[in-house]
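This report refers to the structure that appears directly beneath it.
Predicted model, so just to flag it, every value in this text is computed and none were measured. Numbered from 1 within each chain, the chains take letters A, B, ... in sequence-line order.
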Protein chains: 2
Amino acid sequence: MKQDHVDTILAQWQVQRPDLDCSPMGVIGRMDRANHLMKLSLEEVFKQFGLMSSEFDILATLRRAGEPVTPTEMYQTLMFSSGAMSTRVDGLVKRGLVVRQASETDRRSCLVMLTDEGRTLIDAVVTAHVENEHQMLNVLTEKEQATLASLLRKWLASKE
Amino acid sequence: MKQDHVDTILAQWQVQRPDLDCSPMGVIGRMDRANHLMKLSLEEVFKQFGLMSSEFDILATLRRAGEPVTPTEMYQTLMFSSGAMSTRVDGLVKRGLVVRQASETDRRSCLVMLTDEGRTLIDAVVTAHVENEHQMLNVLTEKEQATLASLLRKWLASKE
DNA sequence: TATTGTTATACTCTATAACTATA
DNA sequence: TATAGTTATAGAGTATAACAATA
């Protein structure tokens with residue numbers, strides 16, 4: 001079994017704090033480290049298309065919803081503030097990737113909609129993104145990937 | 001099998017982009033989401049002790065090393081800039097948790113060392129931290145936790 | 001010349017809250 | 001009164017690079 005960086009950390013704690021059972025770090029520490037490395041890789045792809053992660057998230061949310069979405073709906077799902085959402089949407093509007101459409105039933109509200117250009121872009125980005133994710137995981141077998149997904153699903157389902 | 005939020009996202013992509021095999025999102029999307037939730041929980045504990053994550057990381061690095069460490073060694077391991085390290089160490093010095101000790105062999109260099117107060121604090125924080133991590137994972141069986149750690153180790157070992 | 005570590009500057013992203021318009 | 005969304009302000013955290021001292 002090949003050692004990784006977290007094994008070293010666990011060994012150090014075993015020496016310095018033998019009273020503690022640090023085994024959860026084997027899961028949580030690795031999760032953090034893996035997540036960090038994965039994010040770096042994902043961001044490289046986004047950058048190739050001139051997007052940052054939050055912009056990708058907005059465009060992808062719109063694309064997979066298949067219909068316009070309100071800013072409020074999006075900032076709640078994507079877990080950032082209303083102000084941050086306005087700023088991001090502004091940026092995407094300026095670049096012609098989305099438009100704001102006035103709501104017909106509530107004049108306070110609007111719908112954010114992909115333009116043709118925005119849809120073309122996000123389709124290309126998602127294709128590259130998924131391809132990148134496939135490559136990222138190909139050191140694990142199909143079965144291992146499924147096991148990993150399933151364990152994470154179990155954990156998440158208990159928290160959400 | 002209980003559904004989670006990522007299952008919903010995968011189903012949406014299946015409708016909108018049936019040409020794509022989005023299964024990697026089942027792993028990577030969940031990892032990101034789980035990591036995010038875990039971080040929030042970890043930060044709550046750190047906050048109870050008046051620390052932020054980066055400060056915890058520095059103190060924990062010093063504690064488990066069991067001996068003083070140079071700033072350069074730490075910022076390379078912890079992956080942040082030299083400037084950020086100086087700022088953080090300054091803050092910890094002001095609070096009496098660490099001291100800078102001049103190197104005896106290289107007068108450009110220094111060693112960052114825990115004070116008695118710093119050591120007492122980090123020992124208490126780590127105890128609470130590990131306890132928190134145990135609770136966080138207790139929805140998974142011991143065996144499931146071990147499987148998860150092992151899959152993540154395999155992935156990480158291939159990237160590091 | 002290269003390296004250690006600090007300092008000073010500027011920048012990115014965000015939250016917060018005040019605000020407008022509407023419900 | 002409450003809500004949708006925008007705007008304006010301020011703040012946290014960081015990277016960057018210039019810098020001083022030493023190797």
Distance, rounded to the nearest Å, where [X] contributes [atom1] and [N] contributes [atom2]:
| X | N | atom1 | atom2 | value |
| --- | --- | --- | --- | --- |
| A/Glu104 | C/dA23 | CD | C1' | 17 Å |
| A/Met85 | D/dT3 | CE | C1' | 17 Å |
| B/Phe56 | D/dG13 | CZ | C1' | 20 Å |
| B/Glu55 | D/dG13 | CD | C1' | 12 Å |
| A/Lys94 | D/dT6 | NZ | P | 13 Å |
| A/Glu43 | C/dT12 | CD | P | 15 Å |
| A/Asp90 | D/dA8 | CG | C1' | 13 Å |
| B/Leu78 | D/dG13 | CG | P | 16 Å |

If you look only at pairs with a residue in residues 89-123 of chain A, which of them pass as a ring pair (Phe, Tyr, Trp, His ring centres under 6.0 Å), with sequence neighbours excluded?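 Counting only pairs at least two positions apart or across chains, no ring pair (Phe, Tyr, Trp, His ring centres under 6.0 Å) contact touches residues 89-123 of chain A.
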
Identify whether the distance between the nearest side-chain nitrogen and carboxylate oxygen of A/Asp4 and A/Arg33 falls below 4.0 Å.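 No, A/Asp4 and A/Arg33 are not salt-bridged.
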
Does the side chain of B/Ile58 reach to within under 4.5 Å of the side chain of B/Leu92, using non-hydrogen atoms?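 Of all side-chain heavy-atom pairs linking B/Leu92 with B/Ile58, at least one is under 4.5 Å.
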
By the 4.0 Å heavy-atom rule, please label A/Thr70 as base, sugar-phosphate, or nothing.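 Sugar-phosphate, no base atom in range.
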
Residues forming a ring-ring contact (aromatic ring centres under 6.0 Å, His included) with A/Phe46, sequence neighbours excluded: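 Partners of A/Phe46 by the ring-ring contact (aromatic ring centres under 6.0 Å, His included) criterion, ordered by chain and then number, come out as A/Phe56, A/His129.
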
Letter by letter from the 5' end, nucleotides 13-22 of chain C scores (B base, S sugar-phosphate only, - none; protein heavy atoms under 4.0 Å) SSBB----BB

Can any side-chain N or O of A/Ser109 pair as donor or acceptor with the backbone N or O of A/Asp106 at less than 3.5 Å?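 No: the side chain of A/Ser109 does not pair with the backbone of A/Asp106.
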
Atom of B/Thr61, atom of B/Asp57 and distance for their closest heavy-atom approach: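 Shortest heavy-atom contact: OG1-O, 2.6 Å.
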
Ignoring backbone atoms, test whether A/Ser109 places a side-chain nitrogen or oxygen under 4.0 Å from the OP1 or OP2 oxygen of D/dA4.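 So the side chain of A/Ser109 is outside the cut-off, no N or O lying under 4.0 Å from OP1 or OP2 of D/dA4.
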
